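One structure is given below, encoded as structure tokens.
What's counted below: heavy atoms across the whole structure, side chains too, no hydrogens, waters or symmetry copies. Remember, it's a predicted structure, so these values are computed and weren't measured experimentally.
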Amino acid sequence: MSLALARKYRPATFDDLIGQEAVSQTLSLALDGNRLSHAYLFSGLRGSGKTSTARIFSKALLCEQGATSHPCGTCIHCVMSAENRHMDIIEMDAASNRGIDDIKDLIEHTKYKPSSARYKIFIIDEVHMLTNQAFNALLKTLEEPPDFVKFILATTDPLKLPATILSRTQHFRFKKIPQNLVLKHLEHILNLEKIEYERDALDIIARSGAGSLRDSLTLMDQAIVYSKNFVDVNTVTGMLGIIEPSLLEALLHDIMHKDTAKILAFIKMAADYEAEMILDELTLYLKELLLAGNGKFNPMIIERFFRVIAESKALLSLGSDGEFVLSLSLFKMMESLEIKDIDTMIRGLEQELKGVEVSEIMVTTPSPDVSAPAKVITITEDEIVASLPVVETIVKKEKEKENNDVGVNPRVDPGQTQRSAPTQNVEEIPTPQINPHQKTFDILVKKLYDRNYDLGACFERNIAFESFLDNTLTWSSMTEGDDKKTLITHWGLINMLVKDIFGFETKIVNVTKKKVVDLSSTSTSPGNKSNTITEENQNKVAEPAKVPHQDADTGSMIEDIEMKSSCISPEAGDTEAAKEKDPSTLLQEPMIKEAIALFDPKKVRIKRNT
């Protein structure tokens, strides 16, 4: 009668154990050094060699040559132990004998000496299945058994054992058997059986065994029968109902090249398989690619694919349609290739921190020496949205030069009357030199339009470029009403774009100007004094005040408000502002209103000056 391979090739000595060198070496040294314990606990995965080790250890204890790690195998005790018929080796299955009465019978047997051997050995398999009462009944005997009694407990789940049991035994943990060792053992057995095979087929069997040698041998037994003594890949994949690795390789190649047609063809072909199985096989294949260091699939791509597969398995656990989940997974894997990797983001961040990059090119604007290279500004494309910080407003006024004319404001309303310039020959007028930074400022306006069209229009309507020197950008501002609120609201974006275009160290100086009312279109008469404005008053209205900006200082966007009726005006003189004000009316002052609108305080306290 033929035996299953798992039984036919069961290990007979410690040297035959596969993948459990630590356990076999420890037990061998204990036998040779006569340092034996009264109770042992073997725990580990199914098919990892626990029961086989227990039988080998029992045979080594009962050999006529004495307790040795290399029993003779020829004496009566070794022969009876190998044939599983020794009277003094009692095996008990705790899964079917788990009650307190069964343990009482076992304890009763411990009172009698062995019939012919040196020890009486009790092997309790799946010991975690015993009831709490049975464990309690076994405690005393397990802790202090007679000298001729040895206990060997085996379990696949040691966490279910009471701590009192664990503390009374020497615990040996059996690890999963590595796939390469299982593969070598399968090859060795097939060579002994004289059966032809494909190595890739055995690799699939060893992988399917998941660290259990017994499971792998059982699958190989089945493959031998199914393949008619030739174990190949097609036979094994058909028997196990899994997809061939070559198809997975082609699938990943199509995903990397974003070949939608071939991916759809794979989905149609995969309708005969379980979606969960395909996802599991993809996971194992990606693991092999990662460990093999395949250059086409870097760890970042493999990690993204694994995340997609993990999310898809969660959808399958909810009872979703398998074919739809598989289709969704494959297309998500293809889309995940569009995500920027960490290196790209780091380079973008470096460019943003660098701000402005200077490179040398040929001069394209009029220059005395057009052949000489000049330095121009290259604008970075990466933009980082910054939040709008609220900081203390710092307003600094600088008195405009007294000889400035009313026409210094570069941005004048279309209907505003401008003074005529003296007549002179056109040829004598020098060609105006265009400020190179004006073009950079125009790029700033264009980017504002791209980000927010209304903001760009508001900025272009109210802000005019003045100069750019020593990392200081100066512009003039004529904002009022809703335009002012718009610019204050979006100041963080404006400040970020300025630093992105002009440089990270750029500071902003805002020159506040008042809009000059155009009275030329209004009918005037000598008796109508309200429609008359003198040149002196015009100059006074157009006088600018420079307000430096510090980083994202929102307060710097507020124009300076000068009013004669202000209660804090230092030049009030004998006007109404010089008189002491009623505290209840101070909140109606225009400057106070502006401050409250800007800072939005929860409480305003008015303190009298003493």
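Within a 6.0 Å sphere centred on CZ of R85, heavy atoms belonging to other residues, nucleotides or ligands number more than 12. Within 6.0 Å of CD on E143 lie more than 12 heavy atoms contributed by other residues, nucleotides or ligands. Atom OH of Y9 has more than 12 heavy atoms from other residues, nucleotides or ligands within 6.0 Å. For CD of E196, the number of neighbouring non-hydrogen atoms (other residues, nucleotides, ligands) closer than 6.0 Å is 12 at most. No more than 12 heavy-atom neighbours from other residues, nucleotides or ligands sit within 6.0 angstrom of CG on D147. Heavy atoms from other residues, nucleotides or ligands lying under 6.0 Å from CE of M87 number 12 at most. The environment of CD in E274 is sparse: at most 12 heavy-atom neighbours from other residues, nucleotides or ligands sit within 6.0 Å.
Taking both residues in full, the closest heavy atoms of T53 and F174 are given as OG1-CE2, 3.3 Å, listed atom of the first, atom of the second, then distance. Residues G47 and R214 approach most closely at N-NH2, 3.4 Å, considering heavy atoms. Listed here is the closest heavy atom pair of R168 and T164: NH1-O, 2.8 Å. Nearest heavy-atom pair, L130 versus N97, reported as atom, atom and distance to 0.1 Å: CD2-O, 3.6 Å. For H171 against S43, the heavy-atom pair with the smallest separation is NE2-OG, 2.6 Å. Nearest heavy-atom pair across I205 and A223 is CD1-CB, 4.1 Å.
Using modelled atom types, one finds no donor on one side chain facing an acceptor on the other under 3.5 Å when comparing R46 with S212. Judged purely by distance below 3.5 Å, without hydrogens or angles, the side chains of E281 and Y273 never pair a donor atom with an acceptor atom. Checking Q179 against D203 by side-chain atom types alone, a donor-acceptor pair falls below 3.5 Å. Side chains of D16 and T13: a donor-acceptor N/O pair is present below 3.5 angstrom, by distance only. Counted by atom type alone, S312 and S329 present one or more donor-acceptor pairs between their side chains at under 3.5 Å.
The backbone N or O of G503 lies less than 3.5 Å from a partner atom in the side chain of T506, making a donor-acceptor pair. Looking at T141, its side chain never comes within 3.5 Å of a backbone N or O of L138 through a donor-acceptor pair. Between the N495 side chain and the G492 main chain, no donor and acceptor come within less than 3.5 Å of each other. In this structure, K104 contributes its side chain and A137 its backbone to no donor-acceptor pair below 3.5 Å. S48 contributes no side-chain N or O that, together with a main-chain N or O of G44, makes up a donor-acceptor pair within less than 3.5 Å. At least one donor-acceptor pair closer than 3.5 Å links the side chain of K50 to the backbone N or O of L45. Checking side-chain atoms of R55 against main-chain N and O of S81 turns up no donor-acceptor pair under 3.5 Å. Within the 3.5 Å criterion, the main-chain N or O of S69 finds a donor-acceptor partner in the side chain of D32. A donor-acceptor contact shorter than 3.5 Å is absent between the side chain of R173 and the backbone of V23.
A distance of 10.5 Å separates CG in L186 from CZ in R199, rounded to the nearest 0.5 Å. The NE2 atom of H128 sits 8.0 Å away from atom CG of L161, with the distance rounded to the nearest 0.5 Å. Considering CD1 of I204 and CE of M239, their distance stands at 9.5 Å, rounded to 0.5 Å. Between the CD atom in E91 and the CD1 atom in I152 there is a gap of 9.5 Å [rounded to 0.5 Å]. Here the CG-OH distance, from L444 to Y449, works out to 12.0 Å after rounding to the nearest 0.5 Å. Rounding to the nearest 0.5 Å places CD1 of I124 at 10.5 Å from CG of L41.
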**Request:** Decide yes or no on side-chain contact (heavy atoms from CB on, under 4.5 Å) for H70 and D15, but give the supporting numbers first.
**Result:** CA-CA 9 Å; H70 295 86; D15 296 333; 3.8 Å; yes

**Message:** Pair R98, E126 - check salt bridge (charged side-chain N to carboxylate O under 4.0 Å, His left out), show working.
**Reply:** CA-CA 10 Å; R98 58 193 304 264; E126 301 299 335; over 6 Å; no

**Request:** Show your working on side-chain contact (heavy atoms from CB on, under 4.5 Å) between N191 and Y197 and close with a plain yes or no.
**Result:** CA-CA 9 Å; N191 290 331; Y197 60 89; 3.7 Å; yes

**Request:** Apply side-chain contact (heavy atoms from CB on, under 4.5 Å) to the pair L202 and M220, showing each step before the final yes or no.
**Result:** CA-CA 8 Å; L202 297 186; M220 192 171 70; 4.2 Å; yes

**Request:** Go through K287 and I302 one step at a time and tell me if the side-chain contact (heavy atoms from CB on, under 4.5 Å) criterion holds.
**Result:** CA-CA 8 Å; K287 176 184 175 182; I302 294 177; over 6 Å; no

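Side-chain contact between F230 and E198 is present, with at least one heavy-atom pair separated by less than 4.5 Å. Looking at E193 and L5, their side chains come closer than 4.5 Å, going by heavy atoms from C-beta outward. Between K332 and R307, every side-chain heavy-atom pair lies at or beyond the 4.5 Å cut-off. With a 4.5 Å cut-off on side-chain heavy atoms, H38 and V149 do not count as touching. The closest side-chain heavy-atom distance from T237 to I242 is below 4.5 Å. Using a 4.5 Å cut-off on side-chain heavy atoms (C-beta onward), P146 and K120 make no contact. Annotation: side chain of C78 is not in contact with side chain of E64 (no heavy-atom distance under 4.5 Å). For the pair I90 and L106, the minimum side-chain heavy-atom distance is 4.5 Å or more.
Salt bridge status for D280 with K313: present, with a side-chain N to carboxylate O gap under 4.0 Å.
The aromatic rings of Y40 and F57 lie perpendicular to each other, with more than 60° between the two planes, well past the 30° mark.
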